[in-house]
Amino acid sequence: MKILYYSPHPHLHLEAPTGYGTHMREMINAWRNMGIEVRTLIAGHSGAGRYNVPAVAKSMRGIKKFIPAIVWETLKDLHLIRFDSNMEKRLEKAVREFQPDMIYERAAYLQNSGTKIAKRTATRHVVEFNAPYPLERVAMSGKSFLIPTARDNERQILIEANNIVVVSTALKAHFEKILAGVSAKILVVPNCVNPEKVHHEPAEVAKLKNHYGLSDHLVIGFVGSIFPYHGVDMLIHAFAQTKNRHLARLLIVGDGYTLPDLKALAKKLGVHSEVIFTGSVPHREVYLHIDVMDICCLSRNDWYMSPVKLFEYGLMKKPVVASKTSSVRDVMTADDALLVEENIDQFSNALDKLLMDSALRERLAASWHKKVMENHTWDIAARNILDTCV
């Protein structure tokens, strides 16, 4: 069998250390390990036709302040459409040369080249959605006059694709509202982990604890991008009012544009000496930092997302406190974690409960680890997609 893995997003590339890069690499490698021939066409790689946002922005910077935001966003979207037109030619060439049994596409905002070429070449087309892209675009960047076009593209993909892969049941429900009858071809595949990437190194953990001054404390931790939708501010508030805070320290691993605000918040709440912000760490050291933690947290999560960190926490046998959003409840029950409302008091109480009960920490960690190993590895996800979609 031959699969052409296609990502039309102008910025995503396989080497990225963040969640999307891991997702793409692991899915491709899992299929290759099954003996499947996989070729890739990743628009974010360097090469002819790459969408150069900095160059676009620089050439138009002088007029930005004189035009409404919606016009500016529309101009950016017009560049995306032109970029997708170039990708359409590259994809058709790749399909004609490789003759794949399936195009597996990681969908992107305003990009429908995959749908056009799959139809033109009569190639099976499986499309993976990780977000409701028009809604996400407005939330993150603002409105554009081309949002209706993006919605039309999204609906057309749902109609034409042979199968749709989504990361949460909430995202499946969202698409069911857009297109009646689409449910039968939607497969829910949450994010996963690769157990082979993990090696427990007690000596390195002890060294890292010593480096951060954590050797004499239980460690409450968070790993991920520091953006508002992850709710790290709520975690800091919850930590600040934890009754047993003297037993613990809070370790925040990651970087993002709200990091300065979070440092200021910790200072305002009087816990700046008890909260350690690592900033960005190399991807190879993420699991080592998780291994330092005694309690792992997910304080907030957008309704459609499948947070990779949850599965990473489970792989490392860590007890979890998480907000019980729909996507979290897709994979976890009260047997696997302390699931609470997105509420500072509830989160703080859950932290207190785990800080004072080592047996509970061990039981939850063991249950979630078992479930991750049995249901949420990339090998399992890759086989599930092929069994359902081919």
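- The line from CH2 of W72 to OG of S141 is 12.0 Å long, rounded to the nearest 0.5 Å.
- Going from atom NE2 of H217 over to atom NZ of K209 covers 11.0 Å, rounded to the nearest 0.5 Å.
- Smallest separation of non-hydrogen atoms from F227 and G256: CE2-CA, 4.2 Å.
- The aromatic rings of H9 and H11 sit perpendicular to each other, their planes meeting at more than 60°, with 30° as the lower class boundary.
- A donor-acceptor pair under 3.5 Å is absent between the side-chain atoms of S299 and the main chain of S323, judged by distance alone.
- Once rounded to the nearest 0.5 Å, the distance linking CZ of R96 with CG of L91 reads 10.0 Å.
- There is no side-chain donor-acceptor pair under 3.5 Å between E160 and H125.
- Side-chain contact between V166 and Y304 is absent, with no heavy-atom pair separated by less than 4.5 Å.
- Remark: side-chain polar atoms of D352 are paired, donor with acceptor, to backbone N or O of K243 under 3.5 angstrom.
- Remark: side-chain polar atoms of H376 are not paired, donor with acceptor, to backbone N or O of P190 under 3.5 angstrom.
- For the pair I295 and L218, the minimum side-chain heavy-atom distance is 4.5 Å or more.
- In this structure, CG in L80 is found 9.0 Å from OG in S144, a value given to the nearest 0.5 Å.
- M305 and Y313 fall into different hydrophobic clusters, defined by Ile, Leu, Val, Met, Phe, Trp and Tyr side-chain heavy atoms under 4.5 Å apart, directly or through other members.
- Considering every non-hydrogen atom in both T278 and V281, the closest pair reads OG1-CG1, 3.7 Å.
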Between S367 and D336, is the side-chain hydrogen bond (donor to acceptor under 3.5 Å, both in side chains) condition met? List the steps.
CA-CA 5 Å; S367 176; D336 309 313; 2.7 Å; yes

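- At a threshold of 4.5 Å between side-chain heavy atoms, the hydrophobic network of Ile, Leu, Val, Met, Phe, Trp and Tyr places Y104 and L386 in one connected group.
- At distances below 3.5 Å, at least one donor-acceptor pair connects side-chain atoms of T121 with backbone N or O atoms of I117.
- Put simply, the side chain of Y287 reaches to within 4.5 Å of the side chain of I290, judged on heavy atoms.
- Checking each of V232, I276, V275 against L250 for a side chain to side chain contact (heavy atoms under 4.5 Å, CB included) leaves exactly one that passes, namely V275.
- Transitive grouping of hydrophobic side chains (ILVMFWY, heavy atoms separated by less than 4.5 Å) keeps V308 and W368 in distinct clusters.
- Heavy-atom minimum distance, P319 versus R361: CB-O, 3.5 Å.
- More than 12 heavy atoms of other residues, nucleotides or ligands shown are found within 6.0 angstrom of NZ on K185.
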Start with the C-alpha gap between S168 and D330, add the side-chain angles, then the distance that decides, and say whether side-chain hydrogen bond (donor to acceptor under 3.5 Å, both in side chains) holds.
CA-CA 7 Å; S168 66; D330 278 347; 4.8 Å; no

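- Panel note: side chain D294, backbone V219; a donor-acceptor pair is recorded below 3.5 Å.
- Rounding to the nearest 0.5 Å gives a distance of 7.0 Å between CZ of R363 and CG of D335.
- Of the charged side-chain nitrogens involved, none lies within less than 4.0 Å of a carboxylate oxygen, so that E37 and K2 do not count as a salt-bridged pair.
- Using modelled atom types, one side-chain atom of N375 and one backbone atom of K371 make a donor-acceptor pair closer than 3.5 Å.
- Few gaps surround CE on M140; more than 12 heavy atoms of other groups in view lie less than 6.0 Å from it.
- Between the side chains of Y109 and D77, at least one donor-acceptor pair of N or O atoms lies under 3.5 Å.
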Evaluation steps, side-chain hydrogen bond (donor to acceptor under 3.5 Å, both in side chains), between Q241 and D345:
CA-CA 8 Å; Q241 70 179 46; D345 290 338; 2.7 Å; yes

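- A donor-acceptor distance shorter than 3.5 angstrom exists from the side chain of N343 to the backbone of Q346, with no hydrogens or angles considered.
- Distance alone, capped at 3.5 Å, places no donor-acceptor pair between the N191 side chain and the V167 backbone.
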Residue pair S7, Y20: steps toward the side-chain hydrogen bond (donor to acceptor under 3.5 Å, both in side chains) verdict:
CA-CA 11 Å; S7 170; Y20 80 79; over 6 Å; no

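- Note on F239: it clusters hydrophobically with Y212, by side-chain heavy-atom contacts below 4.5 Å among ILVMFWY residues.
- Between L364 and K318 the shortest side-chain heavy-atom distance does not fall below 4.5 Å.
- Ion pairing between E97 and R39 fails under the 4.0 Å rule for side-chain N and carboxylate O.
- Looking at R124, its side chain never comes within 3.5 Å of a backbone N or O of P100 through a donor-acceptor pair.
- Partner of K197 under the salt bridge (Lys or Arg N to Asp or Glu O under 4.0 Å) criterion, chosen from E285, E26, E312: E26.
- In the hydrophobic clustering of ILVMFWY residues, with side-chain heavy atoms under 4.5 Å counting as a link, F145 and L135 come out together.
- Among K93, K119, K116, R82, the single residue meeting the salt bridge (Lys or Arg N to Asp or Glu O under 4.0 Å) criterion with E88 is K116.
- Separation of atoms CG (L146) and CD1 (I81) is listed at 4.5 Å; rounding is to 0.5 Å.
- Within the 4.5 Å cutoff, the side chain of C297 has heavy atoms near those of the I220 side chain.
- Remark: the backbone N or O of R25 is paired with a side-chain donor or acceptor of N29 at under 3.5 angstrom.
- Salt bridge status for R137 with E73: present, with a side-chain N to carboxylate O gap under 4.0 Å.
- Residues I226 and F277 fail the side-chain proximity criterion, which asks for heavy atoms closer than 4.5 Å.
- Remark: K317 NZ is loosely packed, at most 12 non-hydrogen atoms of other residues, nucleotides or ligands lying under 6.0 Å away.
- Counting only heavy atoms from C-beta outward, the side chains of M316 and M293 never approach each other to under 4.5 Å.
- Contact annotation: the side chain of L110 never approaches that of D84 to less than 4.5 Å [non-hydrogen atoms, C-beta and beyond].
- A salt bridge between E204 and K207 is present, with a side-chain N of the basic residue lying under 4.0 Å from a carboxylate O of the acidic one.
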